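Remember, it's a predicted structure, so these values are computed and weren't measured experimentally.
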Amino acid sequence: MTRSDTTQAIDMAEIDRRIAFHDTEQIMEVDFSDFRFDTSYTVNAVYDRLEARIEETGEDLWFFLVNLNGTRIDPEAWTAYSRRGRALNLAHSMGSVRFDASDETREQILRAANTEAFDPNLFSDRDAAIARLAGLPGKRRKRVVHDPNYTLSDFVRRLSFDDTTVIMDVDFSHFTFHHSRDVDDFYDYIEERIKETDRKWFFLVNLNGCRILPAAWVRYAHRGKRLNEAASLGTARFAAGSETAEDIRLRAETQGFRPNIRNTRDEALELIEEMRAEILGRC
């Protein structure tokens, strides 16, 4: 199946129909029954929507109730399913239970649980799964206002502009985005500096050792996409085999951008020159 075929096959209204929030019980119920995760693109489209729906509620934390009756997870999709599911749980779950897993899916999840150190919490029916959730402690507090982890000086040294090459150099190396506040603080600074220059730039982004924790991903994707659309002539990222680079590649499948990740700075600079030549060729 080609990407265009996959895109057409995913009905987002159908995905929305499968997601329900039970406010009193603080449960997000997800119905994956008879659903096939055939590719990583399908996985990313579904999990993008789950993240967006959670954000729309204004609540960060929910109990997860997942119907896996007849669910199929093809081998091509399993890595993405595992990574996105783990990230969603770390960021937003107070406890997760699954029910009515088919034998094939049950075996996949149990194998993953053995290797990835999580409790699969598999039950044979919905009532048993809900009873398990009812016995778990809630973790919600009043709306969390995150304390800043960084000061302005932490950002200043990580951003530079080269007028000769028209490159904005962003150094996210060994930087951790813990939550949305970290993302907003850093991106607010970047946007302010770009506005001062009154022009667009090629973005060169160092992701070596960068960590984007699950609680920061939705905001990071939103702010990054908005900044690229407003101020980028082209973006090249570099990171040598990082987890963050792999997550960016996964999310790029469904979030409308090219990951453009290279292993080294020199390779990323070569990519920028290709972008520059393409722009000049259109002029």
Charged N-O contact under 4.0 Å between [X] and [Y]:
{"X": "Arg251", "Y": "Glu51", "result": "yes"}
{"X": "Arg226", "Y": "Glu229", "result": "no"}
{"X": "Glu56", "Y": "Arg49", "result": "yes"}
{"X": "Glu29", "Y": "Arg126", "result": "yes"}
{"X": "Asp74", "Y": "Arg72", "result": "yes"}
{"X": "Lys195", "Y": "Glu192", "result": "no"}
{"X": "Asp185", "Y": "Arg181", "result": "yes"}
{"X": "Arg84", "Y": "Asp247", "result": "no"}
{"X": "Asp188", "Y": "Arg223", "result": "yes"}

Quick check: closest heavy atoms across [X] and [Y], and the distance to 0.1 Å?
{"X": "Ile194", "Y": "Ala231", "value": "CG2-CB, 3.8 Å"}
{"X": "Val166", "Y": "Trp201", "value": "C-CE3, 3.4 Å"}
{"X": "Leu90", "Y": "Pro214", "value": "CB-CG, 3.7 Å"}
{"X": "Asp11", "Y": "Ala13", "value": "OD1-N, 3.0 Å"}
{"X": "Leu271", "Y": "Ala236", "value": "CD2-CB, 3.9 Å"}
{"X": "His22", "Y": "Trp62", "value": "O-CZ3, 3.9 Å"}

Side-chain donor/acceptor of [X] to backbone N/O of [Y], under 3.5 Å:
{"X": "Thr176", "Y": "His178", "value": "no"}
{"X": "Arg132", "Y": "Leu122", "value": "no"}
{"X": "Ser40", "Y": "Ala77", "value": "no"}
{"X": "Glu267", "Y": "Asn263", "value": "yes"}
{"X": "Arg237", "Y": "Leu207", "value": "no"}
{"X": "Arg18", "Y": "Ser33", "value": "yes"}
{"X": "Asn89", "Y": "Arg86", "value": "no"}
{"X": "Asp100", "Y": "Leu68", "value": "no"}

Ring geometry between Tyr47 and Phe32 (parallel below 30°, tilted from 30 to 60°, perpendicular above 60°):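 Geometry flag for Tyr47 against Phe32: tilted rings.
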Parallel, tilted or perpendicular: ring planes of Phe186 versus Phe175, cut at 30 and 60 degrees: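 If you compare the ring of Phe186 with that of Phe175, the planes turn out perpendicular.
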Would you say [X] and [Y] make side-chain contact, with heavy atoms under 4.5 Å?
{"X": "Thr71", "Y": "Asp34", "answer": "no"}
{"X": "Met28", "Y": "Ser93", "answer": "no"}
{"X": "Phe21", "Y": "Ile54", "answer": "yes"}
{"X": "Val183", "Y": "His222", "answer": "no"}
{"X": "Val97", "Y": "Val66", "answer": "no"}
{"X": "Ile279", "Y": "Leu233", "answer": "yes"}

ILVMFWY network linking Val156 to Phe177, side-chain heavy atoms under 4.5 angstrom: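 Yes, same cluster.
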Val218 with Phe64, same ILVMFWY side-chain cluster at under 4.5 Å: no
Side-chain donor-acceptor contact under 3.5 Å, Ser160 with Asp169: no
Side-chain donor-acceptor pair present, Thr79, Ser82, cut-off under 3.5 Å: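 The answer is no; no qualifying pair exists.
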Drop me the distance from [X]'s [atom1] to [Y]'s [atom2], to the nearest 0.5 angstrom.
{"X": "Lys225", "Y": "Thr235", "atom1": "NZ", "atom2": "OG1", "result": "13.5 Å"}
{"X": "Leu61", "Y": "Gln26", "atom1": "CG", "atom2": "CD", "result": "9.0 Å"}
{"X": "Leu133", "Y": "Phe63", "atom1": "CG", "atom2": "CZ", "result": "6.5 Å"}
{"X": "Ile73", "Y": "Phe35", "atom1": "CD1", "atom2": "CZ", "result": "10.5 Å"}
{"X": "Leu213", "Y": "Asp182", "atom1": "CG", "atom2": "CG", "result": "8.5 Å"}
{"X": "Leu227", "Y": "Ser232", "atom1": "CG", "atom2": "OG", "result": "7.5 Å"}

Stacked cation flag Arg219 on Trp217, 6.0 angstrom / 45 deg: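 Pair Arg219/Trp217 does not count as cation-pi.
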His179: which of Asp184, Asp60, Asn149, Asp147 passes side-chain hydrogen bond (donor to acceptor under 3.5 Å, both in side chains): Asn149
Audit row: Asp171, Leu159, side chain to side chain contact (heavy atoms under 4.5 Å, CB included) steps and yes/no: CA-CA 6 Å; Asp171 181 9; Leu159 191 67; over 6 Å; no
Candidate pair Asp125 and Phe99, rule side chain to side chain contact (heavy atoms under 4.5 Å, CB included), full reasoning: CA-CA 5 Å; Asp125 59 74; Phe99 66 95; 5.6 Å; no
Step-by-step side chain to side chain contact (heavy atoms under 4.5 Å, CB included) determination, Arg265 to Asn208: CA-CA 10 Å; Arg265 178 184 177 85; Asn208 279 313; over 6 Å; no
From CA spacing to verdict: side chain to side chain contact (heavy atoms under 4.5 Å, CB included), Met168, Leu204: CA-CA 6 Å; Met168 180 182 74; Leu204 178 65; over 6 Å; no
Ring centers of Tyr189, Tyr187 separated by less than 6.0 Å: no
